[in-house]
Amino acid sequence: MSAKISINKTSVSSLSKLDFDNIPFGKVFTDHMYLADYENGEWKDFRIVPVDFMPTHPGNLAWHYGQAIFEGMKATRDADGNALLFRPEQHSIRLNESAHRMCMPELPEDIFLDAVHTLVNLEKNWIPQQEGSALYIRPLMYATDATIGVRPSDTYRFLIFCMPVGPYYPKPVSLLVSREYVRAVKGGVGEAKTAGNYAASLYPALLAKKQGYDQMMWVDAIEHKWVQEVGTMNIFFKINGEIITPATDGAILKGITRKSVIDIFRDHGYTVTERPISIDEVEEAYEKGILEEVFGSGTAAVISEVERIKVDDKIIHLDASKFVASKFAKNTINQLRIRKIEDKFNWLVVAEDRSVPVTA
Ligand code: COI
């Protein structure tokens, strides 16, 4: 079933102002956004309109009690000019898992997919073709009831906007491990892609920046030693030939790039183990000289190498230029996304116009 999407196109596109060779991450928006509203138990008013400010009541529940969830996806182009979506159905599944945890309504998969397809198809001329660049797609859902009181909203908005982006981390990153601050605890909302998880990370990340580190590497909230994730990406360690990534345990975001990279590695013959890994084990491996690579994975980050980690008063230094597995994963994902190599997992889908013309 396809939902009717009305399209109101802008009369003034800003595409001609875009310098495709110099795109800052997250600052340039395409012309249009998709909107749908939830009221009386159903999604309705599916529409694409020019990107604009949206008036919001001061009592909006999302602002006060944080019912806001989102996804991050990317679209690329192949040599024939098709706009390609990467595993869009996985993002629909994860959005609904986040919605469930945050007491928000399910968005049926066909509504999600029709929206992403139609918007990305409309904006396909914005997709950068430069290596490592893409069209970043941001689906989001938030509460819209105007009322004060800690309870789930009855009304919601789902929207999608797009941004042409260059690399999130143009160079290898440095990470700080804190035994004091935590991102998430089992039973909490760490697995949901909800705004509050990112808000909670801002202050510790600022302290990390002040010490010269790009981000925090989070460890668990009970023993303060089990590695979780970076907040902007999931994390992988290559120790003595084996690739290890923390098993998702309820407090770690179930990254779609994480899952894809695991499949790519295994398909290529690497051993990948998903299990609890402590920061002490990482340090010990470093001291023994068997910590070969550390890298993160995420939609925005793609694969980003880690060259420095500070744990307590010790610093782990790695030479990212010597990493082999991370480069293999990054090249494979980047080339697969533009169909330069075979899409053997069938992850790519051509974005198509799924709007139904609305007659007056
Ligand atoms: C993504 O990887 O898409 C995210 O949402 C994380 C953020 C660093 C942009």
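The structure displayed is predicted, hence computed values, not measured ones. Start at 1 and go down the list; that is how both ligands and their atoms are numbered.
- Between the OG1 atom in T257 and the NZ atom in K330 there is a gap of 13.0 Å [rounded to 0.5 Å].
- Checking D37, D145, N40 one by one against T155, the side chain to side chain donor-acceptor pair (under 3.5 Å) holds for a single residue, D145.
- Y34 has its ring centre no less than 6.0 Å from the ring centre of F112.
- Shown here is D312, whose CG atom has more than 12 heavy atoms of other residues, nucleotides or ligands within 6.0 Å.
- Taking Ile, Leu, Val, Met, Phe, Trp and Tyr as members and joining any whose side-chain heavy atoms lie under 4.5 Å apart, directly or through other members, the hydrophobic cluster of F345 also contains L84, F86, F236, I243, V261, I262, I264, F265, Y270, V272, F295, V302, I303, V324, F328, I333, L336, I341, W347, L348, V350.
- Using bins of under 30°, 30° to 60° and over 60° for the plane-to-plane angle, the ring pair F29/F161 lands in the tilted bin.
- At a 4.0 Å heavy-atom cut-off, the residues surrounding ligand 1 are F70, G72, Y136, R138, Y168, K193, T232, T299, A300, listed by chain and number.
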